Asker: 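The structure under discussion is supplied below as C-alpha cells; questions concerning it will follow.
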Amino acid sequence: MAEHENLKGAMFPDNNAEIAYKGTINVNGEQKYVSLIKAKTQNGEDIYEIAVSMGRVYFNAPETKKNKVGPDIGGPITIDGRKYKFGGWNNISKNGNSYLGCSLQDKTEAPF
C-alpha cells in the first residue's frame with residue numbers, strides 16, 4: 001500500500017445488508033459492542049458477519065460544521081488499542097455512485 005493511502009479508505013452503501021442483532025460480549029474483562037450483520041453473496045446466499053464497534057461517530061450537519069471542508073461524520077475511535085480521529089466525507093464517484101471517503105488521524109499526532 002502506498003504511504004499516501006495509509007489511514008484512508010472508502011465505504012459504500014450496501015442495500016443487501018442489515019443489522020440482525022446488536023449487543024455486547026465480554027472479552028477478557030472488557031465489554032465489546034458488537035453487531036451481527038446479515039448480507040447476501042453474489043449468488044443470493046445469506047452470509048453473516050460479526051462486527052466489533054471501534055467507537056461512536058457523529059453526523060456533522062452542514063450548518064454546524066466548523067468549516068465547509070470538515071468531515072460530514074466523525075469522532076474518536078479505537079483500533080487495536082490505538083486511538084484515532086475518524087473523518088468521513090460524502091462523495092460521488094465518477095460512475096455516479098455515492099460513497100463515504102474515510103480518513104483516520106492518529107490522536108497522538110492530532111492537534112486537539
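On a predicted model such as this, the values are computed, not experimentally measured, just so you know.
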Asker: Asp106 and Lys85: salt bridge (charged side-chain N to carboxylate O under 4.0 Å, His left out), yes or no, with the steps?
Answerer: CA-CA 6 Å; Asp106 189 319; Lys85 181 179 178 184; over 6 Å; no
Asker: Flag yes if Tyr58 and Tyr84 sit in one hydrophobic cluster, no otherwise; membership is Ile, Leu, Val, Met, Phe, Trp, Tyr, and two members link when side-chain heavy atoms are under 4.5 Å apart.
Answerer: no
Asker: Kindly say whether Asn97 contributes a backbone atom to a donor-acceptor pair with the side chain of Asn95 at under 3.5 angstrom?
Answerer: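 Side chain of Asn95 to backbone of Asn97, a donor-acceptor pair under 3.5 Å: no, none is there.
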Asker: Out of curiosity, Asn16 CG to Lys38 NZ, how far, rounded to the nearest 0.5 Å?
Answerer: 11.0 Å
Asker: May I ask whether Val27 and Met54 are part of the same hydrophobic cluster, defined by side-chain heavy atoms of I, L, V, M, F, W, Y residues being less than 4.5 angstrom apart, directly or through others?
Answerer: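 Cluster IDs for Val27 and Met54 differ.
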Asker: Please check if the side chain of Ser35 supplies one atom and the backbone of Ile37 the other of a donor-acceptor pair under 3.5 Å.
Answerer: no
Asker: If you measure from NZ on Lys107 to OG1 on Thr78, what distance do you get to the nearest 0.5 Å?
Answerer: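 Answer rounded to 0.5 Å: 8.0 Å.
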Asker: Distance-only, no hydrogens or angles: does the Trp89 side chain make a donor-acceptor pair with backbone N or O of Ser103 under 3.5 Å?
Answerer: no
Asker: Counting distance only, does the side-chain N/O of Asn26 pair as donor-acceptor with the main-chain N or O of Gln31 below 3.5 Å?
Answerer: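 Pair absent, no side-chain N/O of Asn26 close to backbone of Gln31.
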Asker: Could you work out the complete set of other residues in the hydrophobic cluster of Tyr99, with links drawn between I, L, V, M, F, W and Y side chains under 4.5 Å apart?
Answerer: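 Direct or chained contacts put Tyr99 with Phe12.
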Asker: Would you check if the side chain of Asn67 reaches a backbone N or O of Val69 as a donor-acceptor pair within less than 3.5 Å?
Answerer: yes
Asker: CZ of Phe59 to CG of Asn90: how many Å apart, nearest 0.5 Å?
Answerer: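 Between Phe59 CZ and Asn90 CG, I get 7.5 Å after rounding to 0.5 Å.
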Asker: May I ask whether Leu104 and Val52 are part of the same hydrophobic cluster, defined by side-chain heavy atoms of I, L, V, M, F, W, Y residues being less than 4.5 angstrom apart, directly or through others?
Answerer: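 No.
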Asker: Looking at Glu63 and Lys65, does any basic side-chain N land under 4.0 Å from a carboxylate oxygen?
Answerer: no
Asker: First locate atom CD of Gln105, then atom NZ of Lys83, and finally report the distance between them rounded to the nearest 0.5 Å.
Answerer: 15.5 Å
Asker: With clusters defined by side-chain heavy atoms of hydrophobic residues (ILVMFWY) lying less than 4.5 Å apart, directly or transitively, does Val57 cluster with Tyr33?
Answerer: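 Each belongs to a different hydrophobic cluster.
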Asker: Does the side chain of Asp72 come within less than 4.5 Å of Asn60's, by heavy atoms?
Answerer: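 Sidechains of Asp72 and Asn60: no contact.
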Asker: With a 4.5 Å cut-off on side-chain heavy-atom distances among I, L, V, M, F, W and Y, is there a chain of contacts connecting Ile19 to Ile47?
Answerer: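 Ile19 does not cluster with Ile47.
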Asker: Under the criterion side chain to side chain contact (heavy atoms under 4.5 Å, CB included), which of Pro71, Cys102, Pro76 is the partner of Phe86?
Answerer: Cys102
Asker: At what distance, to the nearest 0.5 angstrom, does CE of Met11 lie from CD1 of Ile73?
Answerer: 7.5 Å
Asker: Given side chains that start at C-beta, do those of Thr24 and Val34 come closer than 4.5 Å, heavy atoms only?
Answerer: no
